[in-house]
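Contents: one structure, followed by commentary.
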Amino acid sequence: MDKRYQHQDHEQEIYDLWEKSNSFNPDSDNQPAKQNKNDSKPFCILMPPPNANDPLHIGHAMFATLEDILVRYHRMLGDDTLWLPGTDHAGIETQFVFEKKLKKKGQSRFDFDRETLYQMIWDYVQENSDVAVNQLKKLGASADWSRFKFMLDKDIVKIVTQTFQELADQKLVYRDVKLVNYCTHCGTGFSELEINHKEQKSPLYYMKYGPFTLATTRPETKFGDTAIAVHPDDKRYQEYIGQEVEVEGLNGLFKLKVIADEYVDPEFGTGVVKITPAHDFNDFEVWQRHQDEIPGPKQIIDYRGHMTAEAGPYAGMYLKKARQEIVKDMQEKGLMVKIDEDYKHSIGTCYRCGTVIEPLPLPQFFIEVKPLTEKALQALDEGKVKVHGAGHDKILKHWLENLHDWNISRQIVWGIRMPVWYSTDNSNIHVVFIKNNERIEGTLKELLNLYEGKYSLDEIEKGLQELRAPVNIKYIISPTSPGENYLQETDTFDTWFSSAQWPYTTLQTGQLNDFSRFYPTNVMETGYDILPFWVMRMLMMGLNKTNDVPFKNVYLHGLIRDAKGQKMSKSKGNTINPLEKIEQYGADALRMALVIRSSAGLDKSVGDGDFKATRNFTNKLWNATRFILMSEKSETKGTGDTEYLEKLSTITQEITRQLNDFKIGLAAETLYNEFWHWFCDECIEKSKAGEISQSTLIKGLITFLKLLHPFIPFVTESIWQTLQKEGFVDKKDSGLLIVSNWPH
RNA sequence: GGACUCAUAGCUCAGUUGGUUAGAGCGCUUCGUUUACAUCGAAGAGGUCAGAGGUUCGAGUCCUCUUGAGUCCACCA
């Protein structure tokens, strides 16, 4: 043996050994579970699918390590153990990255019909699809790669669309025009969860508005105003309530009705609010309450961020530009009373690209969540799911109790296209399609030759880029076309709609009995940052689909921060590339550094000092082995043997209990301390003095190798192989450490 | 405005149903290289466990309040 443990010389070889022996597959004959067939319990973890084409960051290394520890532990315990891996198509993320590439070539997604674009992204993802997987292997992930799943696999897509149909049958799907959080840059709407609120300073404009002065941050939306509102009890404005007032605008005079609504805060500004139902969530709700009195949404901003024809002289202008021009023109006309430049408020921004979110009216599919959240809350109350992670169980409950209906429509191509069909009998369907590199837009009435237009349905369908059907139109849900003269919805499902179904889609499409064998899964391990996006929705969807929870335990790990406890970010330049650290210190050292003293739900900071320390630990283990192999064999009982064996047993029980309780960080720390400071510092020294016999000492080494294997699999397996060659391992443990039996 | 979490050594953090003398890594001081390991060993300095009160035979751990830090959610045009 070398004087030092050289991880580069072992890791690849050891991983190959595991893979060749088929040790990750629960159906393999070498599994400890096969030896105790009768009382073997299933243990299953589904890997949170990383984006197929994303290189791993430190957070992936964290989840891979934690899950691998649990999986290796349970495999050794003799449980029927499956860790099922997969990757996600990551709809918006991936399309966003791909569009950036297009932009470099001077192209945009609007240059392609949706099928062409889809195929291009598909090819791009395929090119990079093994990036994540290869990196997970470098970390030592013992996942069953033969069961690997991709979110857009045909069989998975089939179940996802079936679920949509089932939800519709349950009357939990509806289509409605609501204001959606729309990113004009990404070109799609989002759910409430995908919006970041940022505080910023923006001018508050006090403008003349008929007989009133009112304060607004968005003067440009005045073309979309359909009413003026005051508080019902506001004495200043009683005489106006219910009246129509004449307002002088930039576009001449117009009339608006004054309504009274509790929503108006008399203390703010002048206590008068202009109501713009098409571009403000609150105003939209006000309109809903006063539908009989005032007109509805009047859209003055389009889906690409331009002013619409409704904005008169400003039509076609970009929003920001329009605001500047309008403010200027109002000042010239003397309509601007004053501008408060110091006003702070928070605005929604796109979590993807940071663009300011525009609330825009759009027909979208929604899922009514109440019946789903109720089931989830009940399961939590009954203790069918246990959440491990500092207070996040309470946060989950809070989410479930306050969730709004889920907007699942996304106006992007990369994803699962909604199995929704509209009859072309409705000539008001608005379509955009590409023919001979030309972008043609209009209603079917204008375009389709059925209605004296000049294009065939076939041409439109083939080149289809986007379709917008009127809100009240009939639709048919079907995986395939319900007949001639139907066009399929161009929207795709929210990525999270398919990932919410990961627990059953993966198992139902796996080996014949995987679902009955492994569902509900035992642990869902992921970062707390996607608790509402993913964990909550898996719980809701899983319960609704299968009448059972998708997982019994949720283990939430914290964020990895840098050595100073700061959040990692590319802009700060303090990110850690896990592959670099594997090169430098070895996968075992990286794994150990990430988990040692980590605690569920709490952030963890790591730096080079930690990697060095854990790298040294792997070396310590290596050298302790060298010492034992070099020391003289002796069978004479030592005076300290009994006490030593007792302590060894205590440690084993302690680690076992800690792992059962998901105290993974603590187990790692305990092992580190007991091995280094007890086994090495005390026991090896005692053995030198003859107080502990060599044959007894080696029992301890073997126990430690097993206990440590889930945490640092490469070095332990490597040592194991050497010990075996030297004949130090019992026959019942012949073979690989990964499939050896957990000590007790 | 609502909620959650955290506060322990110079720094980053553990502390497992309340139980001897509160631990680790890094850093610091002194010493050590006769063969497991210098990616090492030995010895040591360093803590009023944020503050106050309470429960208890016993509190870093449980309860209440205060202070400070962070995170999430909501949000007034």
Side-chain angles (χ1 to χ4, degrees), chain A residues 1-6 192-193 195-197 199 204-206 214-219 221 228-229 263-276 279-283 286 343-348 389-399 401-402 528-529 531-532 558-559 561-567 585-586 589 593 596-599 601-631 654-655 657-663 665-670 672-673 676-677 680-681 684-685 687-688:
Chain A
M1 286 172 89
D2 291 336
K3 202 170 171 181
R4 283 183 187 176
Y5 172 63
Q6 309 281 9
E192 53 172 343
L193 304 191
I195 308 307
N196 290 330
H197 290 272
E199 181 146 300
L204 183 63
Y205 302 95
Y206 285 77
L214 58 75
T216 179
T217 51
R218 304 205 57 185
T221 60
I228 295 170
Y263 148 73
V264 181
D265 175 4
E267 304 291 319
F268 185 90
T270 57
V272 183
V273 185
K274 63 193 201 61
I275 299 299
T276 323
H279 299 290
D280 183 283
F281 288 102
N282 288 310
D283 292 4
V286 171
Y343 181 65
K344 265 188 212 161
H345 73 151
S346 80
I347 49 163
H392 287 286
D393 50 337
K394 291 173 200 160
I395 293 174
L396 176 59
K397 266 194 180 171
H398 186 260
W399 271 109
E401 282 160 0
N402 294 290
Y528 65 73
D529 49 333
L531 179 73
L559 266 51
R561 294 166 176 268
D562 74 4
K564 289 176 193 158
Q566 288 185 299
K567 253 188 186 171
Y585 303 104
I596 193 165
R597 268 166 273 123
S598 73
S599 198
L602 296 181
D603 294 354
K604 170 95 165 82
S605 54
V606 291
D608 272 306
D610 301 286
F611 298 127
K612 270 182 200 153
T614 49
R615 187 268 321 267
N616 294 353
F617 182 69
T618 60
N619 188 56
K620 188 77 180 173
L621 182 60
W622 181 261
N623 273 292
T625 308
R626 277 182 68 214
F627 169 78
I628 290 172
L629 288 179
M630 290 197 297
S631 62
E654 199 177 352
I655 300 302
R657 195 181 65 241
Q658 288 167 348
L659 286 176
N660 287 340
D661 291 347
F662 296 97
K663 308 273 183 190
L666 185 58
E669 186 184 16
T670 308
Y672 182 101
N673 289 335
W676 198 309
H677 301 301
C680 294
D681 293 348
I684 288 186
E685 293 312 312
S687 87
K688 286 178 185 171

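Quick note on labels: first sequence line is chain A, next is B, and so on, each numbered from 1.
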Roughly how many Å apart are B:G19 and B:C75, using the C1' atom of each and rounding to a whole number? 49 Å
Rounded to whole Å, how long is the line connecting atom CG of A:Asn673 with atom C1' of B:G23? 7 Å
Can you check whether A:Glu267's main-chain N or O pairs, donor with acceptor, with A:Asp265's side chain at less than 3.5 Å? yes
Using a heavy-atom cut-off of under 4.0 Å over every strand shown, decide if A:Lys3 touches base, sugar-phosphate, or nothing. sugar-phosphate
Under 4.0 angstrom between A:Ser605 side-chain N/O and B:C13 OP1 or OP2: yes
So does A:Leu559 get a backbone contact from the side chain of A:Asp603, meaning a donor-acceptor N/O pair under 3.5 Å? yes
If you compare every side-chain N and O of A:His392 against the phosphate oxygens of B:C73 (OP1, OP2), does one of them come in below 4.0 Å? no
Distance check: side-chain N/O of A:Asn402 vs OP1/OP2 of B:C73, anything under 4.0 Å? no
Nucleotide B:C75, atom P - distance to CG of A:Asp265 in whole Å: 15 Å
Determine: side-chain N/O of A:Trp622 to OP1/OP2 of B:U39, distance under 4.0 Å, yes or no. no
Please classify the nucleic acid contact of A:Trp399 as base, sugar-phosphate, or nothing, using heavy-atom distances under 4.0 Å. sugar-phosphate
Donor-acceptor contact present, side-chain A:Lys604 to main-chain A:Ile596, <3.5 Å: yes
Identity of whatever pairs with B:G1 - Watson-Crick or G-U, under 3.5 angstrom: B:C73
What is the nucleic acid contact for A:Ala563, judged by heavy atoms within less than 4.0 Å: base, sugar-phosphate only, or nothing? sugar-phosphate
Taking OH from A:Tyr528 and C1' from B:U5, how many angstroms apart are they, rounded to a whole number? 9 Å
Counting any heavy atom closer than 4.0 Å, what does A:Ile395 reach on the DNA or RNA strands: base, sugar-phosphate only, or nothing? sugar-phosphate
Which listed nucleotide (B:A14, B:A24, B:G41) is nearest to the side chain of A:Trp676? B:G41
Here the distance between atom P of B:U71 and atom CD of A:Gln566, to the nearest Å, is 12 Å
Classify the nucleic acid contact of A:Lys397 as base, sugar-phosphate or nothing, counting any heavy atom under 4.0 Å across all strands shown. nothing
What interatomic distance, in whole Å, is found between P of B:C28 and the corresponding atom of B:G10? 15 Å
Pair partner, B:G19 [Watson-Crick or wobble, under 3.5 Å]: B:C57
For B:C40, the nucleotide meeting Watson-Crick or G-U wobble distances (both under 3.5 Å) is B:G32
Out of B:A77, B:U16, B:U39, whichever nucleotide has its closest atom nearest the side chain of A:Arg615: B:U39
Tell me: CG of A:Asp681 to P of B:G25, nearest whole Å? 10 Å
Calculate the interatomic distance between A:Leu602 atom CG and B:C72 atom P; express it in whole Å. 15 Å
With rounding to whole Å, what would you report as the distance between B:A22 and B:A50 at their P atoms? 15 Å
If you check every side-chain atom of A:Lys394, which of B:C40, B:C4, B:A36 has the closest atom? B:C4
Complementary nucleotide of B:C6, counting Watson-Crick and G-U pairs under 3.5 Å: B:G68
Relative to the ring of A:Phe268, is the ring of A:Tyr343 parallel (under 30°), tilted (30 to 60°) or perpendicular (over 60°)? perpendicular
Rounded to whole Å, please give me the gap between CD in A:Glu401 and P in B:A74. 15 Å
Check every strand shown and say whether A:Arg597 touches a base, only sugar-phosphate, or nothing at a heavy-atom separation below 4.0 Å. base
Need one value for A:Glu267: base, sugar-phosphate or nothing, where a base atom within 4.0 Å counts as base even if backbone is also close, heavy atoms only. nothing
Between B:C37 and B:U29 - P atom distance, rounded Å: 26 Å
Polar contact flag, side-chain donor to acceptor under 3.5 angstrom, A:Asn623-A:Arg626: yes
Interatomic distance at P, B:U61 relative to B:A52, whole Å: 13 Å
Run the numbers on A:Arg561 and A:Gln566 for side-chain contact (heavy atoms from CB on, under 4.5 Å), then give the verdict. CA-CA 5 Å; A:Arg561 294 166 176 268; A:Gln566 288 185 299; 5.7 Å; no
Can you measure A:Asp603 atom CG to B:U71 atom P for me and round it to whole angstrom units? 10 Å
Rounded to whole angstrom, note down the P distance from B:A77 over to B:U5. 30 Å
Any side-chain N or O of A:Arg657 less than 4.0 Å from the OP1 or OP2 oxygen of B:U16? no
Gap in Å between the two C1' atoms, one belonging to B:A14 and one to B:G1, rounded: 36 Å
Note: for A:Thr217 and A:Lys604 on RNA chain B, the residue whose nearest nucleotide lies more 5' is A:Lys604
Pi-cation contact, A:Phe627 with A:Lys688 (under 6.0 Å, within 45°): yes
Could you please name the option among B:U16, B:A36, B:C40 that lies closest to any side-chain atom of A:Asp661? B:U16
Is the backbone N or O of A:Met1 less than 3.5 Å from a side-chain atom of A:Trp622, with the two atoms forming a donor-acceptor pair by type? no
Just call it for A:Leu629: base, sugar-phosphate, or nothing, with non-hydrogen atoms closer than 4.0 Å on any strand. nothing
Which heavy atom of A:Ser605 sits nearest a heavy atom of A:Asp562, and at what distance? CB-O, 2.8 Å
Any side-chain N or O of A:Lys688 under 4.0 Å from OP1/OP2 of B:A36? yes
A:Ile195 or A:Thr216, whichever maps to the more 5' nucleotide of RNA chain B: A:Ile195
Taking the minimum atom-to-atom distance to the side chain of A:Glu669, which one of B:A77, B:U16, B:A24 wins? B:A24
Side-chain donor/acceptor of A:Lys620 to base of B:C37, under 3.5 Å: yes
At under 4.0 Å between heavy atoms, what does A:Ala613 touch on the DNA or RNA strands: base, sugar-phosphate, or nothing? sugar-phosphate
May I ask you to say what A:Tyr206 touches in the nucleic acid, namely base, sugar-phosphate or nothing, with a heavy-atom cut-off under 4.0 Å? nothing
Suppose you measure atom C1' in B:C40 against the same atom in B:A59; what distance do you get, rounded to whole Å? 39 Å
